[in-house]
Amino acid sequence: MTIAKTAASGGPGLHPEVLAFTSSLALDKALLTEDLVGSLAHLTMLSRTRLIPSEDARAIREQLVAIWKGAQAGTLVLADEEDVHMAVEAEITRVLGERAGLLHTARSRNDQVALDLRLHVREKVAEVLGVLAKLLEGLAARAEAERDTLLPSYTHRQRAQPISLAYLLCGYGAMFTRDVDALGFVLEQVDVLPLGVGAIGGTSLPIDREVTRELLRFPRLTMNGLDTVGDRDFAMDFAYTAMRSLLHASRVATDFYDFASPEFGFVKLDGEIACGSSMMPQKRNPDVFELIRGKAGRAVGNLNTLAVLVKGLPGGYSRDLQEDRQVLLETGPLLSSVLGMLHLALGKVHFDKERCFAAVESDYMQATDVAEALAMKGIPFRTAYKATGALVRACQERGLPLAKVTLELAQSVDPRFDAEVLKSADPRRAVERKANAGGTGPASVEKQIAELKSHAARARAMADAVPRLAALFDSLQEAAL
């Protein structure tokens, strides 16, 4: 049973049901590490500015460290308070009594939670960047191994042009390179210290926000307290980037979902990732790829929740913002989980090279290449296009793939076709001829692979540059007071 708490103002305590309704403790226990790190930095600043005695600061720091150790050991039991911030203060008060209240000097829960959330997003972005780096490295390595595997590309889900598998994998990687760039923007937006603006208008106490900023390794301070406490743009930036990245993952998943079907037959799924049917013993299902698509929908919902939450709020802080916890706390783990699973699953997919090539060779996907070869002879492309279309129809009437067209048949359609032009009907030549930047030609693909590796290295460098919570805690518990 929840016990009513005495109000902070000293008045009557909250009704138990009101406390339960307003409490965010069940969710924001996940922010305990962030709260302890922020509290240690704030405590250090208060001591250095002589706003609290150093002896009291050392005693409070000792209790913050004890709470950290208890949490690490799994022995910590927090009081049933409104949120994790009050629960931490209650635990310190249990040991130190009234002196514990010194920690809240020049600090509001408004700027405190803003700090916790920024620390959380910063940490999760670093984790996701590490996962993205692995995914990009995996795609680059697989592309290097699949340079000679050819398969159809698709527009409107109809066979379009022959490409190399390496090119397809680089196409997937290109989406995720943009996610690296987007996460860099999130880091830039979130890496601003909110602590020190108080409830909304600052504090009359002589604090030094620069001390706190340096301790927590933020590059800059927020500009305006009224904006700071109500700002969740950084949360929406992260939620949007997560949503977009998971939409990318869902598109990749759909390709492999299709490729694994008997109708395509391009890939076989390793038994480690293919799930069986509860009723049909012959089936092996691409559940992993289906769930990747399904989980992407949660990311869409999370962004929508945050957008609706902040719509129409007045300036400053409103308690509505407490509802950001669930979706924001889910975002980082959801993104890391899905991208990590995609990386694992792609390593367990085996392409049937013969089946893939047969799909290319038995079709007419080289038609554009034949038309372009004809255009190279000085014939207007539209004329070449129509002539090649007539050649394709002649082949279709005879059940003859374009790769098998004879010079005699081609010249019966249009005498301007010659042996050199018809070489472009070979699927391998069709792929090799696309040498332009961004094309499926070998030289272009090599540059694309290099770009994936470059973005993977950039993602790792960005992740390594993020101050991690554990390291911050270690430095803060030894910082001079």
Side-chain angles (χ1 to χ4, degrees), residues 24 27-38 41 68 71-72 84 112-136 176 178-195 216-219 231-249 292 295-296 298-307 309 321-343 455-456 458-473:
S24 63
L27 286 173
D28 61 24
K29 280 181 182 178
L31 294 170
L32 176 63
T33 298
E34 290 85 342
D35 200 69
L36 294 173
V37 167
W68 170 281
Q72 296 297 305
V84 70
Q112 187 177 359
V113 70
L115 172 64
D116 288 0
L117 293 178
R118 285 179 180 271
L119 288 172
H120 174 80
V121 170
R122 192 169 72 171
E123 182 89 356
K124 294 308 173 185
V125 167
E127 291 175 8
V128 171
L129 283 168
V131 177
L132 263 177
K134 288 182 180 179
L135 177 58
L136 287 169
F176 296 115
R178 294 195 295 274
D179 296 333
V180 173
D181 296 338
L183 286 168
F185 175 79
V186 175
L187 276 180
E188 181 183 339
Q189 296 300 304
V190 78
D191 220 5
V192 189
L193 177 73
L195 196 62
L216 293 173
R217 295 178 59 189
F218 282 98
D231 173 29
R232 292 299 182 269
D233 286 357
F234 66 91
M236 287 191 290
D237 289 337
F238 186 39
Y240 168 73
T241 300
M243 177 200 72
R244 197 181 74 173
S245 186
L246 292 187
L247 293 181
H248 292 159
I292 287 173
K295 289 176 185 292
R298 285 165 53 192
V300 175
N302 287 345
L303 176 61
N304 187 60
T305 296
L306 286 174
L309 181 64
L321 292 172
Q322 180 175 295
E323 293 302 305
D324 62 12
R325 301 297 189 281
Q326 184 166 356
V327 294
L328 191 56
L329 291 172
E330 181 189 47
T331 294
L334 176 65
L335 184 54
S336 290
S337 171
V338 171
L339 294 180
M341 185 53 59
L342 182 62
H343 170 63
H455 267 79
R458 179 167 177 257
R460 288 197 181 282
M462 289 166 59
D464 291 343
V466 172
R468 306 304 288 270
L469 290 169
L472 284 174
F473 187 87

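These figures come from a predicted structure and were not determined experimentally. Position 1 is the first residue of the sequence, and the numbers go up from there.
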ask   = Below 4.0 angstrom, N of the basic side chain to O of the carboxylate: do R325 and D116 qualify?
value = no
What's the separation between atom [atom1] in [X] and atom [atom2] in [Y], rounded to the nearest 0.5 Å?
X: L342; Y: I292; atom1: CG; atom2: CD1; answer: 4.5 Å
X: L32; Y: Q72; atom1: CG; atom2: CD; answer: 9.0 Å
X: L328; Y: F238; atom1: CG; atom2: CZ; answer: 7.0 Å
X: L216; Y: E34; atom1: CG; atom2: CD; answer: 11.5 Å
X: L469; Y: E123; atom1: CG; atom2: CD; answer: 4.0 Å

With the side chain counted from C-beta on, respond yes when [X] and [Y] share a heavy-atom pair under 4.5 Å apart, and no when they do not.
X: L246; Y: K295; value: no
X: L306; Y: R232; value: no
X: L334; Y: V338; value: yes
X: R217; Y: L472; value: yes
X: D181; Y: H455; value: yes
X: F234; Y: V121; value: yes
X: M243; Y: N302; value: no
X: V466; Y: V125; value: no

key: Residue of the set L335, V180, V186, V128 for which side-chain contact (heavy atoms from CB on, under 4.5 Å) holds with T241   = V186
ask   = Which one of D231, D191, L193, V113 satisfies the side-chain contact (heavy atoms from CB on, under 4.5 Å) criterion with R118?
value = D231
Work out which heavy atom in [X] is nearest to a heavy atom in [Y]; give both atom names and the distance.
X: V327; Y: T331; result: O-OG1, 2.7 Å
X: G130; Y: A463; result: N-CB, 4.4 Å
X: D35; Y: Q112; result: OD1-NE2, 3.0 Å
X: G38; Y: L119; result: N-CD1, 4.3 Å
X: A114; Y: P194; result: C-CG, 3.7 Å
X: G184; Y: M462; result: CA-CE, 3.2 Å

inquiry  = Could you walk me through whether V131 and H343 satisfy the side-chain contact (heavy atoms from CB on, under 4.5 Å) test, starting with their C-alpha distance in whole Å, then the side-chain angles of each, then the deciding distance to 0.1 Å, before giving a yes or no?
reply    = CA-CA 9 Å; V131 177; H343 170 63; 6.0 Å; no
ask   = Any cation-pi pair here, R122 with F218, using under 6.0 Å and within 45°?
value = yes
task = Assess whether atom CD of Q326 is packed by more than 12 heavy atoms of other residues, nucleotides or ligands within 6.0 Å.
result = no
ask   = Are the side chain of R244 and the backbone N or O of R178 linked by a donor-acceptor pair below 3.5 Å?
value = yes
query = Can L117 and V190 be said to form a side-chain contact (heavy atoms from CB on, under 4.5 Å), step by step?
reply = CA-CA 9 Å; L117 293 178; V190 78; over 6 Å; no
ask   = Which is it for L339 and D179 under the side-chain contact (heavy atoms from CB on, under 4.5 Å) test, yes or no, and what are the steps along the way?
value = CA-CA 11 Å; L339 294 180; D179 296 333; 5.8 Å; no
query = Should the pair W68 and F473 be assigned to parallel (<30°), tilted (30 to 60°) or perpendicular (>60°) ring geometry?
reply = parallel
key: Audit row: L329, L31, side-chain contact (heavy atoms from CB on, under 4.5 Å) steps and yes/no   = CA-CA 9 Å; L329 291 172; L31 294 170; 3.8 Å; yes
